[in-house]
Amino acid sequence: MRDWEANIRKVTPYVPGEQPKRTDVIKLNTNENPYPPSPKVAEALRQISAEPMRKYPDPEARMLVEAIAREEGVCPEQIFVGVGSDDVLAMIFLTFFNSQKPILFPDITYSFYDVWADMLRIPYEQQPLDKDFEIVARDYDKENGGVIFPNPNAPTGALLGLETIDDILSHNQDVIVVVDEAYIDFGGSTCTGLLDHYENLIVVKTFSKSRSMAGMRIGYAIAGEKLIRYLSDVKYSFNSYTMNQTAIALGTEAALDHAYFEETRQKIIATRENAKKELKKLGFSFPDSQANFLFVTHKRVPAAELFAALKEQGIYVRYFNKPRIDNYLRITIGTDEEMERLFEFLREYL
Ligand SMILES: *Cc1c(COP(=O)(O)O)cnc(C)c1O
């Protein structure tokens, strides 16, 4: 090893789901929305001209922040926007998780959390989900340097009720508690109502799933004004211009089109509930997902085998070769037609 190699920050990176080059696949592997963004987004895109791009964008992304604040029923000073919620979450880890005590998160959860913790040298302790893949609130009563979990959890889809979140918060008032609500629009109740009671709470949301804009990279945090200021200070110390002009303009349109948002999320919920029935008939079991995916295991056929057979057919789902979950597949909810193709193949194969 060369001397300079000893001083390199070596990381084991997060592995995103595959984005196949082929376009003829049924893509149920990265929890994208099968419907296009709001038609208002396409309309606004047609109005965009190149000339303003010579200037820097608004560092505060004020137009987007105001649209989100309106939709969330909070003031703009309570919103922090970033390049997808991954960017927002990474900033949160950097800003708020600076204790010698370990931060706590579930053993089965969004696989970016341990990557950020490792990269930023934040100690952490993973708390095991119970046998039904549920978060055990009492595991979060111990001393810690912060708490983070998704609700609904990923990749299980299991939802915690607001009482449980309140319970976890009430036992963790001296640290920052982050609730990652990437999937909350598909069935759960947002915990933003608890912001008035807990000044240490941060709720993170994204445009990638329920607003069909994964490719535009827009995410945000909602918290008290003080926490948002701390977060902004760190962001401005890195890169003042995280949000580009196009993302600001198109994100604003998406945020304001409440009717379209309602329509598409209801469609996905209906398709998911039907998928639960169909997959049960086919011999699958799964936690009762409130997200836009199902985390399924088959009584007879191993997940790894099914994963390969589906891929062969051009049906992409997600498989995690990790302890406890290596016999499960995470299947994103697509359109009714895409799901029907999946069921047809499974009926035949099984
Ligand atoms: C998809 C996802 C995110 C982040 O997505 P972005 O596209 O970066 O907004 C964050 N947390 C969880 C649990 C997710 O599944």
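Numbers here are sequence positions counted from 1. Note that ligands are numbered from 1 as they come in the structure, with each ligand's atoms numbered from 1 the same way.
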Backbone or side-chain N or O of Asp86 under 3.5 Å from ligand 1 N or O
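N/O-N/O distance under 3.5 Å: yes.
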
Can you confirm, on distance only, whether ligand 1 has an N/O atom lying under 3.5 Å from any N/O atom belonging to Tyr183?
yes

[X] and [Y] ion-paired at < 4.0 Å:
{"X": "Glu77", "Y": "Arg62", "result": "yes"}
{"X": "Glu278", "Y": "Arg347", "result": "yes"}
{"X": "Lys267", "Y": "Asp336", "result": "no"}
{"X": "Glu66", "Y": "Arg70", "result": "no"}

More than 12 heavy atoms of other residues, nucleotides or ligands under 6.0 Å from CD of Glu348: yes or no?
no

I need the nearest protein heavy-atom contact for atom 8 (O) of ligand 1: residue, atom name and distance, please.
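Scanning the protein heavy atoms, the shortest distance from atom 8 (O) of ligand 1 goes to Arg217 NH2, 2.7 Å.
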
Who's the nearest protein heavy-atom neighbour of atom 2 (C) of ligand 1, and how far?
Lys209 NZ, 2.3 Å

Option with minimal heavy-atom separation from [atom], where the choices are [options]:
{"atom": "atom 10 (C) of ligand 1", "options": "Phe149, Tyr113, Tyr110", "answer": "Tyr110"}
{"atom": "atom 7 (O) of ligand 1", "options": "Ser208, Ala214, Ser111", "answer": "Ser208"}
{"atom": "atom 5 (O) of ligand 1", "options": "Gly17, Ser85, Pro16", "answer": "Ser85"}

With atoms numbered from 1 as shown, which atoms in ligand 1 lie under 4.0 angstrom from a non-hydrogen atom of Gly84?
8 (O), 9 (O)

Ala182: numbered ligand 1 atoms lying under 4.0 Å from its heavy atoms
2 (C), 11 (N), 12 (C), 14 (C)

So is Asp180 touching ligand 1 or not, going by heavy atoms under 4.0 Å?
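Asp180: in contact with ligand 1 (<4.0 Å).
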
Aromatic ring pairing Tyr113/Phe105, orientation class (parallel under 30°, perpendicular over 60°, tilted between)
perpendicular

Cation-pi check for Phe186 against Lys209: NZ or CZ below 6.0 Å from the six-membered ring centre and within 45 degrees of the axis, yes or no?
no

